[in-house]
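Each chain gets a letter, A, B and so on, in the order its sequence line appears, and its residues count up from 1.
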Amino acid sequence: MIAKVIVDVAVNQTDRVFDYLVPAEFEDAIVPGMRVNVSFGPRKVQGFVLATDDHTDYDRGKLKPLAELIDLYPPLTEELLELSKWIKDDTLSFHISVLKSMLPAAMRAKYQKKLSLKSPEILNELPLSLQQFFKDDKEIENWDEWRKQANDEDKKQMMKAVKDGVLSVTPLVMTNETKKKQMVVFTEKTSQELAQASETLTARAEKQKKLLAYFSENLATHEKIPLVQLLDRAGVSRQTVQEMVKKGLLIKAEQVVDRDPYEGRTFEQSQPLTLMDEQQQALDPILSSLLEERHETFLLRGVTGSGKTEIYLQAIDYALKKGKEAIVLVPEISLTPQMVTRFKGRFGSRVAVLHSALSKGEKYDEWLKIREGKVDVAVGARSAIFAPFENLGIVIIDEEHETSYKQEEVPRYHARQVAIKRGQFYNCPVILGSATPSLESYARAQKGVYHLLTMEKRVNDVQMPQVSLVDMREELRNGNRSMFSNQLLSAIQDRKDKQEQTVLFLNRRGYSTFIMCRDCGYVAECPHCDISLTYHRSNQSLQCHYCGHIETIPSICPECSSDSIRFFGTGTQKVEEEILKIFPEIRVIRMDVDTTRRKGSHEKLLQQFGEGKGDILLGTQMIAKGLDFPNITLVGVLAADSMLHLPDFRSSERTFQLLTQVSGRAGRHEKTGEVLVQTYTPDHYSIMDVKSHDYLSFFDKEMNIRKQGGYPPYYFLVIIHVSDEQLDRVVSVTEKITGFLKNHLSTETMIYGPVASAIPRIKDRYRYQCMIKYKVEPKLTETLQEVIKTYQGEMARTGLAITIDTNPYMML
DNA sequence: AGCACGCCGACT
DNA sequence: GTCGGCGTGCTC
């Protein structure tokens, strides 16, 4: 038997199957989708079995046998293997990169080199300084790691010893998919036997008697108790337990436990809510698609607070009743406790949550529950789209317009496309939900490619919040130079008086604190990147967000020696300070990367706010979504247009989506909500349409602009990034690529470039790009592959880097 | 990617 | 005469 294997060597030349002989002992066990260890050239690597058959085009006599099977059970299903082929073609990634990204991080191979003494008796052949590392059978577990922290002399000696054959290097392939283990204690004796044993103990053995008594009173024979728990409950020490183990009365053992990240938390069981007419009308077509086992993509556009989640829940419930499984994708930042609680509350322990805040091990455990069929709902961020279900009944993508569904590293897949592929395979519906659908999706729904479902009303006929625009130019003219308009200040005061809550939203994107000289206009910039340095208050430094360069804050301008050098821009910390200056008695809960870094702090802050322990919730992106507190009646947006002018054709769309999203936080229940949007461009359509809650109007205007500019959804995009330390090479390579594309692609396709990227230099590397806009281009993949092939040698030898992004989201 | 093979310069 | 530089090519 022959196995077709994709090896874990991510380069162009090895991006194809390699044939291996399957040793007779593995023939019955081997299944496509399993990981295997194979020798590949002179080394050992991991690989994935794509298929097994009896055929090979290679010289049979030269085939190597595969070394070992890693899995008892294939982590990837046949369907996921097929899917991986489509993704690698679509995104021009290496097959191995796609396969690896389908698995939880804990299962991805780690390669290390172990350094050990050839034989123990030659220890004294080593230089004296190195002997400490190898005496008493010691070894260096991770040679690459060791080299990073060792001094040069030791390193040199060590390498010489390897060369002289005193030390040997053993390559290891490993993973860390270990399940959590805990020590448990149990007894094989009956309680009578324990009581008898207790009497034979001396009078001084008080603790031992106590321990035995605890066992005979509380635990049945063979019943296991975790060691930590036992110590706590019986009130004895480890030594006492150890003593009893020695005497053969108790037995200690290691046991694998299921790590449940939500252990110990109870979720109140929720029942399906009665749907409003509009909701029912949206749900019905989904249910019939489920009933008829027909693939269909639905675009559910429902205004904020229209009850989309309830529709998801009921659709899933229906799928589960048919014995099928469900995947729910939620944007990373909105994987809030509130969302998890709703799913856990309805489906209880049938839900696995793949949360970015979980540890590698916890994620692996959740993944395993899916693979082993212990759960039938997976809720998670982007990568949860690869949940290894085998009888998928429905896929839901909440906040479908979110850009985080596009992976920005290789493989650059979009979860929406992957979801539809899986839906087609399983003949099941895919639901894309959003209050502000992406232009791509809504255009498809209009064309009838997706089935459009609309909900214009909020649940219980709650009114949409009143949105007012505050013209900050006007404020400036009236002498208000602060970041708060008078209107916003009095509204905050008003809520404080009424004991209602306020959400203040600061959009940090394209808006950071930088340092500038007021006399000569000097701006502190990174010496390695073409970008200004950001002021970090916590350690009083200037940092580059792209390369991590840190420097101290100059007290005088390095250019003109003036001392009027100062900070510009606004951060959440600054806003908090300013608020407290104006309203010293107001309680502000600030949520940003700094205050939510610690695990669980996100949740904690929201809980505090929910309990009314704060008057104002101040934050960035992360507060825009999903929060639902009845007492929020005011939402203030400090700088609505801060990202409107980013060099990205989606900036208007993002502005509209984000503002609509934050506005939706206000007045979701009995109390009506008010939204104040501060802006310097109040007549921009993306801001005006937020005021009138008019998605369709925004859609039409934006579509027009996309049509004129030749952007999606009218055209498809591909961006080719080229970077290198030498500017002339970047330019010439990009030029050649552009020319090549012009010669090989159809005449209707537009090719732009070479142009410098929006940030022309990062980490001392120059960056150029070339953009392709096309409608139909059957030769695209082939042509792009040709480009990669042409430069693969140069990329391997030198620092030249070329990356291709099909359907890019990051234009920078 | 790694690693071996292989063909030209400065050294015991 | 040999050690070692890194260009080239292969890995079932």
Side-chain angles (χ1 to χ4, degrees), chain A residues 1-27 30 32-70 81 85 88 92-101 108-115 142-148 155-165 167-175 409-411 723-725 729 785 788-804:
Chain A
M1 203 205 283
I2 285 151
K4 313 283 175 188
V5 175
I6 298 285
V7 292
D8 188 4
V9 182
V11 290
N12 231 286
Q13 289 153 302
T14 57
D15 189 28
R16 57 185 178 88
V17 291
F18 284 84
D19 292 352
Y20 283 87
L21 283 172
V22 180
E25 46 172 330
F26 297 150
E27 282 199 3
I30 196 165
M34 279 182 176
R35 294 168 301 161
V36 289
N37 280 335
V38 294
S39 70
F40 189 64
R43 62 209 158 118
K44 279 251 191 310
V45 294
Q46 201 173 94
F48 286 81
V49 178
L50 276 198
T52 55
D53 56 32
D54 296 316
H55 224 81
T56 182
D57 295 332
Y58 198 68
D59 184 349
R60 281 191 104 88
K62 286 189 189 164
L63 287 184
K64 284 187 189 173
L66 48 87
E68 54 188 338
L69 301 184
I70 299 173
L81 289 178
K85 292 178 193 166
K88 83 158 180 80
L92 294 139
S93 310
F94 302 126
H95 203 166
I96 188 66
S97 314
V98 180
L99 293 167
K100 282 168 90 175
S101 69
R108 292 174 206 159
K110 271 198 319 201
Y111 297 92
Q112 3 181 299
K113 292 186 198 112
K114 188 178 77 174
L115 207 58
N142 191 338
W143 170 223
D144 290 313
E145 278 303 309
W146 187 89
R147 262 190 297 194
K148 273 185 210 156
K155 252 193 284 190
K156 232 166 104 188
Q157 300 270 17
M158 205 66 98
M159 278 150 88
K160 189 172 176 300
V162 172
K163 208 175 135 258
D164 296 345
L167 296 175
S168 61
V169 179
T170 325
L172 293 174
V173 189
M174 39 206 279
T175 49
E409 297 103 57
V410 215
S723 74
D724 191 84
E725 284 181 12
R729 178 144 81 166
Q785 252 149 14
I788 297 177
K789 222 168 115 195
T790 313
Y791 289 97
Q792 61 177 354
E794 211 172 333
M795 283 161 71
R797 271 197 311 281
T798 69
L800 179 73
I802 300 173
T803 59
I804 299 182

Which nucleotide of DNA chain B is the first, and which the last, in the 5' to 3' direction, to come under 4.0 Å of a heavy atom belonging to chain A?
-> dA1(B) to dC3(B)
Can you name the residues that form a side chain to side chain contact (heavy atoms under 4.5 Å, CB included) with [X], not counting sequence neighbours?
X: Q785(A); value: L92(A), T781(A)
X: A796(A); value: none
X: S93(A); value: T91(A), V98(A), V410(A), P411(A)
X: E27(A); value: M1(A), V22(A)

For A109(A) and D8(A), which heavy atoms make the closest approach, and how far apart are they?
-> CB-OD2, 3.9 Å
Do you know which two heavy atoms are closest between D19(A) and H55(A), and how far apart they sit?
-> OD2-O, 4.3 Å
Enumerate the residue pairs fulfilling salt bridge (charged side-chain N to carboxylate O under 4.0 Å, His left out) with a member in residues 789-802 of chain A, sequence neighbours excluded, ordered by first and then second residue.
-> R729(A)-E794(A)
Can you run down the salt bridge (charged side-chain N to carboxylate O under 4.0 Å, His left out) pairs that involve residues 41-57 of chain A, sequence neighbours left out, and say none if there aren't any?
-> K4(A)-D53(A)
Could you tell me how far apart [X] ([atom1]) and [N] ([atom2]) are, to the nearest whole angstrom?
X: H95(A); N: dC12(C); atom1: NE2; atom2: P; value: 19 Å
X: D19(A); N: dT11(C); atom1: CG; atom2: P; value: 12 Å
X: R797(A); N: dG5(C); atom1: CZ; atom2: P; value: 19 Å
X: M1(A); N: dC12(C); atom1: CE; atom2: C1'; value: 17 Å

Between residues 6-14 of chain A and DNA chain B, which residues have a heavy-atom gap below 4.0 Å?
-> V9(A), V11(A), Q13(A)
Can you list, by residue number, the residues of residues 50-65 of chain A that have a non-hydrogen atom closer than 4.0 angstrom to DNA chain B?
-> none
How would you list, by chain and number, every residue that makes a ring pair (Phe, Tyr, Trp, His ring centres under 6.0 Å) with F40(A), sequence neighbours excluded?
-> F18(A)
Supply the atom-to-atom distance M34(A) CE to T52(A) OG1, rounded to the nearest 0.5 angstrom.
-> 10.5 Å
Measure from the side-chain N and O atoms of Y111(A) to the backbone N and O of Q46(A), and report whether any donor-acceptor pair falls under 3.5 Å.
-> yes
Taking atom CD of E725(A) as the centre, report whether more than 12 heavy atoms of other residues, nucleotides or ligands fall under 6.0 Å from it.
-> no
Does K64(A) have any salt bridge (charged side-chain N to carboxylate O under 4.0 Å, His left out) partners at least two apart in sequence or in another chain, and if so, which?
-> none
Using a cut-off of strictly less than 4.0 Å between a heavy atom of the residue and any atom of DNA chain C, enumerate the qualifying residues of residues 38-46 of chain A by number.
-> S39(A), F40(A), G41(A)
